[in-house]
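Here is the structure we will look at.
Both counts, for ligands and for their atoms, begin at 1 and track the order of listing. The figures here come from the full heavy-atom set of this structure, side chains too, leaving out hydrogens, waters and symmetry mates. Heads up: numbering here begins at 1 and tracks the sequence.
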Amino acid sequence: MAEIAVIGCGQAGLVVATSFASLGHHVVGIDIDRRKIEACRDGVTPIQEPGLDRLLTEGLAAGRLTFLHEYPERIEAEFVFIAVDTPTSPSGACDLKALKSATTSLAPALRENAIVVNKSTVPVGTGDEVIRLLRLHGAYNASVVSNPEFLQEGDAIRNFTVPDRIILGGDDPSATARVAELYREFDAPIVQCDIRTAEMIKYASNAFLAMKISFINEMASICDVLGADVSRVAVGMGLDPRIGPKFLGAGIGWGGSCFPKDVSALEYAASLHGVRAQLLRGVAETNRDQRRQVLRKLRGVLGRLETARIVVLGASFKPNTSDVRESPALEVANLLRLSGAEVRVVDEHVLSEEVQAQYPQLTVTGDLLAAAQDADALVLATEWPEFLDLPFDDLADVMRRPLIVDGRNVLDERAVRDAGFIYRCIGRPNAEGQGASFNERDQRIGRDSVPTRNGRQPALASD
Ligand code: UGA
């Protein structure tokens with residue numbers, strides 16, 4: 001069994017550390033955030049990730065997992081994985097401060113022939129800089145291997161233990177072979193290449209997935225005006241093995257800590273070298289526009305949004321994670337607020353402070369019925385399981401208007417309409433009318449077509 005160090009105990013690092021420990025390796029996790037390390041030592045995961053708690057507790061109990069909040073004088077591990085944050089800087093470039101600082105700190109502590117394995121998503125060419133920094137700070141014979149991660153939040157443990165592929169980029173074949181040995185019990189193809197190519201594979205993969213979503217969202221906008229159903233279009237397309245069914249879910253678009261920063265960093269890197277990455281730009285623009293679909297749908301029924309009360313269901317960037325970074329749900333909530341609506345966000349998995357760090361004017365609650373009191377519409381923005389089975393009768397009793405915009409195309413339209421709600425979704429004709437013609441009918445009859453509940457009078461600004 002190998003001795004492994006993992007630098008950075010965040011979303012990716014902790015999954016890597018606990019998963020290697022669960023395979024029987026000895027792992028030390030190092031992070032300069034003392035609070036994070038103390039939590040890990042106590043068996044408390046600082047992030048929400050299904051299955052991580054168990055792996056952490058088991059690793060600690062077996063004595064295979066230890067944590068340090070400072071770099072030791074000597075790192076005994078043969079493999080030193082780097083999994084630190086590489087966020088976007090204001091220019092759109094990738095911020096490598098944490099990666100450079102980690103490399104500089106660990107270099108003097110490395111043992112002979114250690115292998116530094118980079119898992120952080122980094123611009124193509126960063127491997128060369130890591131080698132330069134290692135040499136500069138005394139690690140004269142350490143090797144560098146690029147081994148990008150393809151972990152999805154909420155499914156990361158499974159992604160690690162049952163990977164689709166393992167990418168190993170390195171210029172020293174014996175170092176690459178030693179890292180490949182670490183993964184020998186995984187039943188996955190190993191792609192070996194040079195460091196730059198490995199770094200590029202990560203960006204290209206994320207950019208392609210983001211493009212797939214933006215593509216289907218653009219198709220959804222076209223379906224909307226032509227009266228076709230984008231969900232069936234996705235099924236029909238996805239059966240072609242050259243296309244595949246995944247990441248064709250139309251909705252309010254992609255977010256999170258990876259796609260936005262990686263698409264932007266790749267476009268930026270291309271522009272530095274004179275390449276106009278027009279497709280990448282379009283992918284990001286379509287995604288931005290997608291948030292506005294919700295406002296269009298609401299206006300189609302309610303008229304103006306000033307003084308309307310809207311409940312946004314979901315705050316996290318996708319279900320099964322409390323992560324709100326670049327969350328489409330919060331961007332929609334904020335756009336609604338900027339349009340003059342009173343907005344309430346419902347997500348019992350997310351802390352208000354986290355939301356307010358990005359959007360000081362937004363609050364989040366776990367109390368759905370209280371939030372829905374006198375509301376004019378619900379917007380399903382994150383498809384948490386509890387939102388797939390909403391108490392429509394109770395909601396209809398407390399809401400001013402029974403209207404729901406399904407921003408993720410996940411609700412059963414018939415059930416929603418049977419409960420007396422008006423239903424709108426993304427890129428699918430409604431049962432009450434077909435595509436464009438129904439949208440036009442909406443515009444003609446405007447909000448008068450929306451029944452009010454409980455004899456309450458609508459209180460829209462245009463009244
Ligand atoms: C993404 C990639 O999927 C991982 O392979 C990669 O390792 C990771 O980034 C990373 O670079 O670290 P993640 O950010 O966890 O993983 O999120 P995804 O599950 O990919 O979802 C991203 C966004 O796309 C979410 O906002 C989700 O709601 C949206 N999405 C996804 C859609 O709008 N439609 C879909 O069909 C699928």
Is there a donor-acceptor contact under 3.5 Å from the side chain of [X] to the main chain of [Y]?
X: Lys318; Y: Ser327; answer: no
X: Trp384; Y: Pro319; answer: no
X: Gln152; Y: Asn159; answer: no

Modelled atom types, side-chain donor and acceptor of [X] and [Y], under 3.5 Å:
X: Ser205; Y: Arg165; value: yes
X: Ser322; Y: Glu354; value: no
X: Asp95; Y: Ser89; value: no
X: Asp289; Y: Thr286; value: no

Exercise. Would you check the N or O atoms of Gly256, main chain and side chain alike, for any that come under 3.5 Å of an N or O of ligand 1?
Key: no
Among all protein heavy atoms, pick the one closest to [atom] and tell me residue, atom and distance.
atom: atom 3 (O) of ligand 1; value: Gln152 CG, 3.3 Å
atom: atom 24 (O) of ligand 1; value: Trp254 CB, 3.3 Å
atom: atom 34 (N) of ligand 1; value: Gly249 O, 3.0 Å
atom: atom 33 (O) of ligand 1; value: Arg408 NH1, 3.0 Å
atom: atom 15 (O) of ligand 1; value: Glu153 N, 2.7 Å
atom: atom 4 (C) of ligand 1; value: Leu151 O, 3.6 Å
atom: atom 1 (C) of ligand 1; value: Phe259 CE2, 3.5 Å
atom: atom 13 (P) of ligand 1; value: Lys318 NZ, 3.7 Å

Could you list which atoms of ligand 1 come closer than 4.0 Å to a heavy atom of [X]?
X: Lys202; value: 6 (C), 7 (O), 10 (C), 11 (O), 12 (O)
X: Asn206; value: 2 (C), 6 (C), 9 (O), 10 (C), 11 (O)
X: Phe150; value: 5 (O), 7 (O)

Quiz item: Is any side-chain N of the basic residue among Glu199 and Arg196 closer than 4.0 Å to the acidic one's carboxylate O?
Solution: no
Quiz item: Taking the six-membered ring for Trp, are Phe259 and Trp254 parallel (under 30°), tilted (30 to 60°) or perpendicular (over 60°)?
Solution: perpendicular
Practice problem: Check the angle between the aromatic planes of Phe81 and Phe79 and answer parallel, tilted or perpendicular using the 30° and 60° thresholds. | Solution: tilted
Quiz item: Among Ile213, Asp164, Leu209, whose heavy atom sits nearest atom 32 (C) of ligand 1?
Solution: Ile213
Self-check item: Part of Leu248 within contact of ligand 1 (heavy atoms, under 4.0 Å)
Solution: backbone
Quiz item: Judged by non-hydrogen atoms, does Gly251 sit under 4.0 Å from ligand 1?
Solution: no
Practice problem: Please confirm whether Cys258 comes under 4.0 Å of ligand 1, counting heavy atoms of the residue only. | Solution: yes
